[in-house]
Protein chains: 2
Amino acid sequence: MRSILRSTALRSATRASRALPTCYAARHYSIRTQAASASAQAPLDASKLQVTQTTKPKTFSKPEDLVFGREFTDHMLTIEWTESEGWLEPKIVPYQNLSLDPATCVFHYAFECFEGMKAYKDKEGSVRLFRPDKNMARLNKSSARIALPTFEPSAFTELISKFANLEKDSIPNQRGYSLYLRPTMIGTQKTLGVGPPGSALLYVIASPVGPYYPTGFKAVSLEATDYAVRAWPGGVGDKKLGANYAPCIVPQLEAASRGFQQNLWLFGEEQYVTEVGTMNMFAVIKDKATGQKELVTAPLDGTILEGVTRDSVLALARERLVPEGWKVSERKYTIKELADADKEGRLVEAFGAGTAAIVSPIRKISWKGEMINCGLKETEESGEIALRMKTWMENIQYGDEEHEWSYRTQA
Amino acid sequence: MRSILRSTALRSATRASRALPTCYAARHYSIRTQAASASAQAPLDASKLQVTQTTKPKTFSKPEDLVFGREFTDHMLTIEWTESEGWLEPKIVPYQNLSLDPATCVFHYAFECFEGMKAYKDKEGSVRLFRPDKNMARLNKSSARIALPTFEPSAFTELISKFANLEKDSIPNQRGYSLYLRPTMIGTQKTLGVGPPGSALLYVIASPVGPYYPTGFKAVSLEATDYAVRAWPGGVGDKKLGANYAPCIVPQLEAASRGFQQNLWLFGEEQYVTEVGTMNMFAVIKDKATGQKELVTAPLDGTILEGVTRDSVLALARERLVPEGWKVSERKYTIKELADADKEGRLVEAFGAGTAAIVSPIRKISWKGEMINCGLKETEESGEIALRMKTWMENIQYGDEEHEWSYRTQA
């Protein structure tokens, strides 16, 4: 691949206005916006897509041997951006290495953000995406927060649709299989000066993946982490930035060294429950007085990733569980509240929620030498809600249930 | 450059033990360590260095036209690491692009950390480093915190010395000029699974730089940032991770859009002063009762970068200012304390401290519509201590004063 870098003009004073993070700052701060310099930049234009097909198609492992994010399809979607020109023409090219100067800002200052989404094949063989508008909106928020460019959501969705269709044959024809799509944006300017990148690359790679639980659910055990903090108010924990991930590995390894599959992130002196590993966290608690069942997850207070699966679980719960008498809450809750509920037999179940697994049932949580049991019998691997949610979501994702969340792509 | 990637074996359960972050966790948590798997890995060995010189030497801009971090020398130092083999043989090769798979973990999860240090030419023409042991120790801490490998500090210092000597001719023969060195470590495993990288690349690039203030000090104006937070207790703000930098740009741009050169980071409801842009912050305050002058900077509580210049300023102040009657303090102080001191004529001066500028005098700070004047007369661009510190530090860095901090390299 030719160098994706271009020499860029010296930053001018007006540079600051380009990257003003409207979506970030609007809630916090009154800022002036200047559209003048932005208007000269080309918008992302899906109609300009150029496709160069590979001459050496790959063969994949057997579906049952696929490992998440290890094997990639024959092509990749790439779109360069420069401060002076805006978005250049989108390209689908054979999957290939990126050639980057060692001074490129992505290597030094973590100018990088990404999305995780999946393409599903329905019974008719059409390729469907799941709520791509949510991924587009979040990527734009993430990007703006680190002074990378934003884009027209519908244009990028169209490009991803074309890309997913080109790679259609790599999606195994079996329920539970899909094509994991990884839209990624990196800053590509080659300078060690700490400032807004004058060039960027938006790209998408695709990895065929099997069901997260090929032989049915497998409940995980967690260790509550109270010596490290994932996110904080005024920080960037609600954005899907690379910066939020590398610092999570050590607590994950710590938990693993004591036999736990994942760690549970707590926040503050109150030890609020926030997220589980890289997933949002849900719990089902029975009310002490009334016995009413409540599905609870932490609110979007700036420290919680705005998960698409999180949002979908909440929406489905409000639509389908509330009529059954359930309470659905986005509220702060502490690990002690879970521990107390367990002791009193009121902790019904708990699960993580994310794109890869949809839901990941939790068996127990180690906290300060105490073991919190999350409502599963020894022979059970999932609670009722985790199972129902997975079924509901997959029915929509694979198009068995027609739903506005399912986006039928066009080649 | 050939692909720096190697296929790595599937992670085993014992993988967790390799990356246990002893230097990180020791202070917080009691962890088991297992040296067994690590012992099979090769240590970093400077004696195995292979040098391939360029056949196309570059020409640089005139010294006075050099811009920080824009032009790089003819070569780079690279050392690959793999989980199974440990550190491979170090190489000095012609400066060239890195060729990386688009799924490489550095692009997605910010597995990256770095150092900033300088090589100076003394009167005899020898190349000197400044306190390289501090950079080595900090890079190892940063690296361990994100599950990247650590290395033998003296071996890497020796390699950097050889590299700096090879590039000696790119250091202009003028006081104030130096060779900025950028040791960088990135995770190179190509998988989207979120886990400890099974391979990494440690590399060093070098950029000839001129004096930060070519025509003498130029005091900067700051905007105090209270809508975004740089670091948090239990976070990674004290490590030199890429992850700490990209999220800082927007507040910097916000400040710039209102005419301020940099932003000042505050923390908590108390609005403690923490750092200025990407530098540590110092202030000189006179005691209300006694009139004693105090040089104050925030303590290393986990939210403050452990700056080498910060440490040097403190050490020189303790050695040379305390005998003059000064007080030197690492303690928490609030922006209100600075504002009050200004109102009462007790704020003597303030400056940032970092490798690039050594010290950066501060004229004023905008805070909640108030303007804090930091003790400079309109005709002044620096306070007394900033000037003395710069002189003391440069005398040591350029070898005019023999000092244990100055490390004479060997070719």
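Residue numbers begin at 1 in each chain, while the letters A, B, ... track the order of the sequences.
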Carefully, step by step, assess A:F267 and B:W232 under the rule ring pair (Phe, Tyr, Trp, His ring centres under 6.0 Å).
-> CA-CA 11 Å; A:F267 182 79; B:W232 197 267; 5.6 Å; yes
Output, in order, the C-alpha distance, side-chain angles, deciding distance and verdict of side chain to side chain contact (heavy atoms under 4.5 Å, CB included) for B:T191 and A:F68.
-> CA-CA 8 Å; B:T191 171; A:F68 175 79; 5.9 Å; no
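The nearest pair of heavy atoms linking B:I249 to A:A147 is CG2-CB, 3.7 Å. Taking both residues in full, the closest heavy atoms of A:G195 and B:Q252 are given as CA-OE1, 4.1 Å, listed atom of the first, atom of the second, then distance.
Using cut-offs of 30° and 60° for the angle between ring planes, the B:F114 and A:Y109 rings count as perpendicular.
Ranking A:L192, A:I205, A:T278 against chain B, the residue ahead of the rest is A:L192, based on heavy-atom pairs under 4.5 Å. In terms of heavy-atom pairs under 4.5 Å with chain A, the best-connected choice from B:A243, B:G242, B:P247, B:P102 is B:P102. No other option in B:A231, B:C248, B:G116 has as many heavy-atom pairs under 4.5 Å with chain A as B:A231.
Side chains of B:L98 and A:S99 form no contact here, defined as non-hydrogen atoms less than 4.5 Å apart. Taking 4.5 Å as the limit, every side-chain heavy atom of B:P233 sits out of range of all side-chain heavy atoms of A:V229. The shortest distance between side-chain heavy atoms of A:N97 and B:L100 does not fall below 4.5 Å.
Atom CD of B:Q189 sits about 6.5 Å away from atom CZ of A:R70, to the nearest 0.5 Å. Expressed to the nearest 0.5 Å, how far CE of A:M76 lies from CG of B:D101 amounts to 8.0 Å.
Legend: residues meeting ring pair (Phe, Tyr, Trp, His ring centres under 6.0 Å) with B:Y203, ordered by chain and number and at least two apart, are absent. A:Y272 is linked by a side chain to side chain contact (heavy atoms under 4.5 Å, CB included) to A:E270, A:K332, A:T334, counting only residues two or more places apart in sequence or in another chain.
For chain A, the nearby part of B:F72 is the side chain; its heavy atoms alone come within less than 4.5 Å. The parts of A:F111 that come within reach of chain B are both its backbone and its side chain, each placing non-hydrogen atoms under 4.5 angstrom from that chain. Contacts between B:A356 and chain A at a heavy-atom distance below 4.5 Å are absent for every atom of the residue. Heavy atoms of A:V194 lying under 4.5 Å from chain B belong to its backbone as well as its side chain.
In this structure a side-chain-to-backbone donor-acceptor pair under 3.5 Å is present from A:E112 to B:A110. In this structure a side-chain-to-backbone donor-acceptor pair under 3.5 Å is missing from B:R182 to A:A103.
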